[in-house]
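Please read the structure below before turning to the comments.
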Amino acid sequence: MIVMGAALVWVVGTCALLAFVYRRAFADAWAEPVLRVPVLILESDDWGYGPVEQAQRLDRVVELLARFRDSRGSHPVMTLGVVLGGPDTDRIRANGCRTYHRVTLADPRLTTVRDAMLRGVARGVFALQLHGMEHYWPACLMHAALTDEKLRDWLTRSGFPCTEALPSPLQSRWIDVSTLPSKPLPVDQVAAAAAEEIAAFTEVFGASPKVVVPATFVWTDAVESAWADAGARVVVTPGLRNESRDAEGRVVPGEHSYFNAATGPRGVLYIVRDCYFEPSLGHTHRSAIQALQCNTRIGRPTLLEIHRVNFIEEERPTQHALEEVTRLLDAACAQFSDLQFMDTAALAQHYRDRSELVETRIGARIHFLLRRLAKISRLRKLAWATFIILPAWLAYLVTRPAALQGSR
Ligand SMILES: [Zn+2]
């Protein structure tokens, strides 16, 4: 009796201690809704301003995605993080690279690109998200160009240059990278620019953006507020918010952390994209499928980051990327009969509505909580070291979703 009492005190005390030390992880893992089905979304940023050859590449992506359907008949969706504008190189060249001029997707010269995007939307395989007016802060770019010949060439060569070619620090839009480490931009300018890009998106596409993907995942409270005030409902994040660049130009995350369906002060809902599927960097469909398996096991959606650069280079790497996407979708459909394709705005709406995709049974939620906590290596080791793994394992078995069938 005494032994059992001591064991009970040990279990309760240790559980309470671990729960206190890991209270943030416990709270987040519990608060993040559990998805009942595998959800797969391809997220592709940087489309828009750039070479007009994009249109033909977008059409090829459309044809590929349209060949697949989930059990409900929905096609896989590639969200396009749209860059609305970039330098008007003719005008900048004409003024000797002294003044910045912008050209946007509203320009007739880029109509083919915009129309290719809209064709994909009409076919149900593209969803348009705002990535930014530009993939940089124009004043910073012009300042840097004063002393950088390559940048002046980028700003003045004919055509529509790729923003991917810019130095990494300059690709962050919402901080002043004129000198490193970066400094904040004036709040009023930032708020005005964020509102302006939402209005420009609406003008170009005829509908306001519901989802925003901050360039290089650098953004601020002022930016988020302006986006929210202009109608944006969702912000995509890798689980953190980058807030500056250090002396070497590397992004520096702030203290914020995010989980799926967490909401911000102005009501935006965060969706986490932390899986990478970039065939041009050597990522394969196998690692993407592993990500889908891991996320599904813990009741999370899988958002795969696959940038435009995979599809707009030479023919060979483009073909390779298309083949990897095909293999991924073949494997995902074969392995997950209940797989659901949707866009990120639809996923966010499922979370907001606590729709039928969201687990509500308390036992199943505890089960997924344990699965999520087990992913924390240090906590798992502590659970073994303190023998708390035994009651945790018992709780895990008892709450298995199969054992809960019919008890909803
Ligand atoms: Zn980008």
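The figures here come from the full heavy-atom set of this structure, side chains too, leaving out hydrogens, waters and symmetry mates. Counting starts at 1 for both ligands and their atoms, following the listed order.
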Asp70/Arg72 salt bridge by N-O under 4.0 Å criterion
yes
Could Arg23 and Phe20 be counted as a cation-pi pair, given that NZ or CZ must be under 6.0 Å from the ring centre and within 45° of the axis?
yes
Are Asp148 and Arg152 close enough for a salt bridge, meaning some N to O gap below 4.0 Å?
no
Ion pair check, Glu224 and Arg266, cut-off under 4.0 Å:
no
Near the Zn ion (ligand 1) (cut-off under 2.8 Å), count of protein N, O or S atoms:
3
Which pairs with one or both residues in residues 104-116 pass salt bridge (charged side-chain N to carboxylate O under 4.0 Å, His left out), sequence neighbours excluded?
Asp88-Arg109, Asp90-Arg109, Asp107-Arg109
Does the structure place the NZ or CZ of Arg365 under 6.0 Å from the centre of the six-membered ring of Phe368, at an angle of no more than 45° from the ring's axis?
no
